[in-house]
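Reviewing the structure listed below.
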Amino acid sequence: MATVLVLNGPNLGRLGTREPDVYGAGTLDDLRAVLAEDAPELEVDLRQTDTEGELLGWLYEAADSGAPVILNAGAWTHYSYALRDAVSLVTKAGGTVIEVHLSNPHAREEFRHTSVISAVSTGVIAGFGFESYRMALAFIRRNAR
Ligand code: DQA
């Protein structure tokens, strides 16, 4: 079965209790269930880490396997050039990385208006809660494989 990697960065393990007015009341387990239901023909491999090197390793894995990636990099989105380089190595190799955000960073604090990964990502979906991930997965189901 083909695999889609759904990679989540720092603080996203706290979904459900972390600022529910901004990020919603659903947990990562809820998100995993929604995505699995959306794509029963795929293995939706949803992971979360608070360690940047671990996320880089998962992107290398995607570069090697060709698995499409849905990526919510959390705050690393805004300043991690190491993350940008890892996303770039996946997309330059022909892989798919869709940057997603639950909230709309452009409607929030100024530091969130910059994404260092958008320019090297396949596309960006932000501001729709879990729907951001579901739209990314719908794209992958139609186009990426
Ligand atoms: C986020 C937006 C980021 O600015 C923030 O640091 C997050 C979550 C989102 O999904 O809306 O952790 O990526």
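Just so it is clear, the values below take in all heavy atoms, side chains as well, and ignore hydrogens, waters and symmetry mates. Both counts, for ligands and for their atoms, begin at 1 and track the order of listing.
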Between Thr27 and Asp30: side-chain donor-acceptor atoms closer than 3.5 Å: yes
Contacts of type salt bridge (charged side-chain N to carboxylate O under 4.0 Å, His left out), residue Arg112, not counting sequence neighbours: Glu109
Other ILVMFWY residues reachable from Phe111 by side-chain steps of under 4.5 Å: none
For ligand 1, output the ligand-protein N/O contacts shorter than 3.5 angstrom; if there are none, return none.
unit_1: ligand 1; atom_1: 4 (O); unit_2: His78; atom_2: NE2; d: 2.7
unit_1: ligand 1; atom_1: 4 (O); unit_2: Arg112; atom_2: NH1; d: 2.9
unit_1: ligand 1; atom_1: 6 (O); unit_2: Ala75; atom_2: N; d: 3.2
unit_1: ligand 1; atom_1: 6 (O); unit_2: Arg112; atom_2: NH1; d: 3.1
unit_1: ligand 1; atom_1: 10 (O); unit_2: Asn72; atom_2: ND2; d: 2.8
unit_1: ligand 1; atom_1: 10 (O); unit_2: Leu102; atom_2: N; d: 2.7
unit_1: ligand 1; atom_1: 11 (O); unit_2: Leu102; atom_2: N; d: 3.3
unit_1: ligand 1; atom_1: 11 (O); unit_2: Ser103; atom_2: N; d: 2.8
unit_1: ligand 1; atom_1: 11 (O); unit_2: Ser103; atom_2: OG; d: 2.6
unit_1: ligand 1; atom_1: 12 (O); unit_2: Arg18; atom_2: NH1; d: 3.1
unit_1: ligand 1; atom_1: 12 (O); unit_2: Arg18; atom_2: NH2; d: 3.1
unit_1: ligand 1; atom_1: 13 (O); unit_2: Asn72; atom_2: OD1; d: 2.8
unit_1: ligand 1; atom_1: 13 (O); unit_2: His101; atom_2: ND1; d: 2.8

Separation between CG of Leu137 and CG of Leu42, rounded to the nearest 0.5 Å: 6.5 Å
Salt bridge (Lys or Arg N to Asp or Glu O under 4.0 Å) assessment of Glu37 paired with Arg134: CA-CA 10 Å; Glu37 198 175 320; Arg134 298 180 76 190; over 6 Å; no
Donor-acceptor list for residues 70-78 side chains, cut-off 3.5 Å, not counting sequence neighbours:
unit_1: Asn72; atom_1: OD1; unit_2: Gly74; atom_2: N; d: 3.0
unit_1: Asn72; atom_1: ND2; unit_2: Tyr133; atom_2: OH; d: 3.1
unit_1: Thr77; atom_1: OG1; unit_2: Gly74; atom_2: O; d: 2.6
unit_1: His78; atom_1: ND1; unit_2: Thr114; atom_2: O; d: 2.8

